[in-house]
Amino acid sequence: MSNNSDWDNEQLRVDEVVSEINKREKGLEEKLGDIKIDVIDIRKKFWEDVTVNFDSAEEAAETYASIKQQAEFMSEKERSHRHDLKQLKNLHKLKYSPYFGRIDFLEQGEEESQSVYIGTSSFVDDSGIEFYVYDWRAPISSLYYDYGPGHAEYETPSGTISGEVELKKQFIIRNAQIKHMFNTGITIGDEMLQEVLGGQSDSQMKSIVATIQKEQNQIIRNERGHLLIVQGVAGSGKTSAALQRVAYLLYRHRDTLVADQIVLFSPNPLFNSYVSTVLPELGEDNMQQTTFQAYLEHRLGDDWKLEDPFMQMEYVLTADEGPNYNEQIESIKFKSSLEYIQLIDQYIDSLEKEGMIFTDIVFRGETLLTKEKISSYFYELPDTISIPNRFQKLVEKLLKEVRGFELNERKKEWVEQEIELLDNEVLLKVHNKIEKQKKNETDSFYEFEREEELLRLLVVKRRMKKIKNDIKEIRFLDVASIYVQLMESLLKAEHCLDSVQKIRQSIFSYEDATPYLYVKGKLEGFQVNTTVRHVFIDEAQDYSPFQFAFIKNMFPRAKLTVLGDANQSIYAHSNVSSFLAFESLFSSSKIEKYELTQSYRSTRQIINFAKGIIQAEIEPFNRDGERPTVVGSNSIDEMHALMIERVFELKQKHRTIAIICKTAKESKTLYDNLKKKVDVRLMEKDSTGYDSNVLIIPSYLAKGVEFDAVLVYNASVDAYFKQSERKLLYTICTRAMHSLNVFFVEEISPLLANVSNETFLNKGTTISSCLPETQQIGRE
Ligand SMILES: Nc1ncnc2c1ncn2[C@@H]1O[C@H](COP(=O)(O)OP(=O)(O)OP(=O)(O)O)[C@@H](O)[C@H]1O
C-alpha cells in the first residue's frame, strides 16, 4: 500500500488524463458528426458530381474514371469514420479506467527515468509525443509483465533496450477513481489477482491484461515458432493467454493482419459464446471462431450427415456393455493415429496404378460415359503426373466429350418437347436476338431455322449444365467407395462394419470424417486456405493426431498455437499423445513449447482435492475458499434431495452454479426430475449462452468454461469406474472456481480413492467404503 500523498498525486494524474480524454472525445464526436454528414451528402449527390457520358469510348472512359474517383473519395471518408468510431469507443473505455499499471524505467545511458502508464489502449497528447497511456501490447509494456524493480530489458524492432525498473505499481481504477494501488515485486502482485479471481464468475470470459503473469506473457508475445505448444494444467490461463495473444498479434501487425485471418478452433458452441466478448472488450474485432465439427460439416457439404463428437462421446461413456464395444474403440483409436495417415498415403500411391472407383456419367437415364471408360481415360494418363493433376486433365477430356454429346443431343425429340414448354419470356428473348442479328444481315431466309436451332441449343445447354458442373467438381470419382475399399483393406472386417453401414446411408462417424476428407483432398487436390495466418486450437488434447495433420495441411500459410492439457483428454483416442504427434509434424527448430503449472481458476482447496484424482503437478494459486464437500446418500432420490438443498444454499452466495453430469442422457433425466423443484436450465450440445441460472450440463460440454459452484452428479462407483474416466472426473471438478460439491449414491467412485481426507468435508448419510479408513476423518 502507498502513503496518502502518493495516492493523491496518482489520483491527480488520473484526473488530468481523464480530462484530456474528455476533450479528445468531444473533438472526435464533432468530427464524427461532420464526417457522417459528409458521407450522407456524398451519397446523395454522388451522381450530381459525376459527369456521365457514354457517347464515345473516350467519354465512357472518362465517366468511368470519374465514378471511380467519387467512389474512392466516399470509401476513404467511410474508412476514416470507422477508424474514428473505434478510437472513440476505446477512449470511452479508458475514461473510466485509463490504466492499470505503472513502471518507472531508467534506460541505460539516460539521466532521467520515464514513467510508463499501461492500459488497454494508448492515449497520446495532441502533439503525438507524450504518452499518457501506453497500450499493454507496446514493446515497452512488456517490462511491466516480465520484471520487478531491478535490471530489465525489452525487445523493440530495432533491438534490445536495457535499463532499470525503479518502480512498479498496480492500480484498480473504477469510474475514474483509484480504488486500490499497490507497489509490487516481480510478478503482478497477489493482491490484484486475489481481487480479480475472488470475484464471481460470469457467462462471459474476461480479459486478463491487467494481471497477465510472466509465463503467460511469454506465450502471448512469442512470434518465433511456427508451432507454439502450450501444455497447461486446468485453469492455468491457456484460453486467456490465447485470446490476449490474438489481441497482441492484431496490434503488432495492424497494417497487415486483420481479425478474419485468425481462426480459433474451440471445443463447443457454448465455449464460443463464452469467449466471444474478450476481444471486443480489448477494442479488437473477433477472430473467426469455429468448432472442428462445424469445419468438417462445411467441408463435407450437404450430401453428408456428420455424427458429432458428442455422439461418439456418449457412445464411449455409455455403451460398454454393447456389442463390438472394444472393437469400436480400437477402430476409433486407429483412425485417429498418424499411422492411419501413412497407410492412407501408401494406399493412395497404389491408386496411381489401379483401383480408382468411378461412377457412370448419366444424362436423362442414358449413360454418356461408363465408369470403365472414365477409368481407362484416367489410367491412360502417364503416372508421372500427380493424381490431382491427372484429374484436371481428365476433367478437360470429359468436358470435351460432353460437348460432343451436346451437339448430338440437340437433334433429339425430347428437345423439341421441352421447347414447347419454354416460358414466353425465353422465347421472346431468343426471338429478339434473331431480330437483332437480322438487322446486320440482308438474308432473312433462314430466320425460323435459326431460331429453332438457338432454342435447341439453349434447352440442351440448360439440361447439361449440371453434368458439366458435376464433372468440374470431379463428382464422377466415388471417393466414399474408395474410402470404404481402403478401410476394408486396412482394418479387420469387424472394425469397419459400423462405418461402412453408415457411409452407405450417407452418414459419417466422427472418426471417419477427417480421413475421408483427407483422402478426397489427396485425390482431387486440397482446397487449402492461404489467407489465414494464425490458427489457434484450444482444448487441443481432444484432437486426434490425424485431425492435427489435417488442419496443418488445410492452413499451409498459418502459424499454429496449440493449447491443451493432457490430463483433460476425454475422447476415445485419448491415449494417443496428441501433443507428441503434433510435434512430429514440424521440424524441432520451428517449435516453441511452454508449460503452465499454476492454476488460477479454483481455490487452493479445490485444486488440492482435484490433485488427488490425477496426481499431477499443479500449483494452486494462493486463494482460499471452503473445502469441497463429498456427499453420500442411500438412493438416487435422496441424492437429488441433498443436491436441491445444496443448490439453495449455494444460490445465496453464487451467481453461476452447474450440476455436471457424465452424459447428455443423464443430464436430461436429471433435468426432468428436478425442473419442478428448482429453477434449472438444461444445456445441450447446441446451447450457446447461459445466464445466472442453475445449469445441468454434460461433462464434455463444460470443457473450457467455469462456474462459481459445481455439483458433481453421481460420482458413484458404477458411474465412474474405468481408468479412462479419471480425466473426465478431474476436468469436471476443475470447472469450479469457489465451491465444489461431489455427490454419490452408496459407494463412491474408486477414482477418488487417492484424494486426501484433509482436502474435503464428508457430508450426507453414506460414507463411501472406497475411501480408505483414514479418509473418514474428514467427515463433519
Ligand atoms: N493472469 C491472470 N489474471 C487473472 N485471471 C487469470 C489469469 N490467468 C488466468 N486467469 C483466470 O483463470 C481462469 C482460468 O483461465 P482459463 O480458462 O484461461 O484457463 P485454461 O487453462 O484455459 O483452463 P482449462 O484448461 O481448465 O479450461 C479464468 O477465470 C481466467 O480469467
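Ligands are counted one by one from 1 in listed order, and the atoms in each one are counted from 1 as well. Residue numbers run from 1 in the order of the sequence given.
Take Arg533 and apply the side-chain hydrogen bond (donor to acceptor under 3.5 Å, both in side chains) test, not counting sequence neighbours, and it matches no residue. Checked against side-chain hydrogen bond (donor to acceptor under 3.5 Å, both in side chains), Asn222 has the following partners two or more places apart in sequence or in another chain: Glu592, Tyr594. Residues passing the salt bridge (Lys or Arg N to Asp or Glu O under 4.0 Å) test with Asp538, sequence neighbours excluded: none.
Expressed to the nearest 0.5 Å, how far CD1 of Ile173 lies from CD of Glu10 amounts to 8.0 Å.
The aromatic ring centres of Tyr543 and Phe292 sit less than 6.0 Å apart.
Contacts of ligand 1 (protein heavy-atom distance under 4.0 Å) are Leu193, Leu197, Met205, Ile208, Thr211, Ile212, Gln213, Gln216, Val233, Ala234, Gly235, Ser236, Gly237, Lys238, Thr239, Ser240, Glu539, Gln568, Tyr600, Arg601, Gly704, Glu706, Arg735.
Side-chain contact check for Met737 versus Ser602: every heavy-atom pair is 4.5 Å or farther apart.
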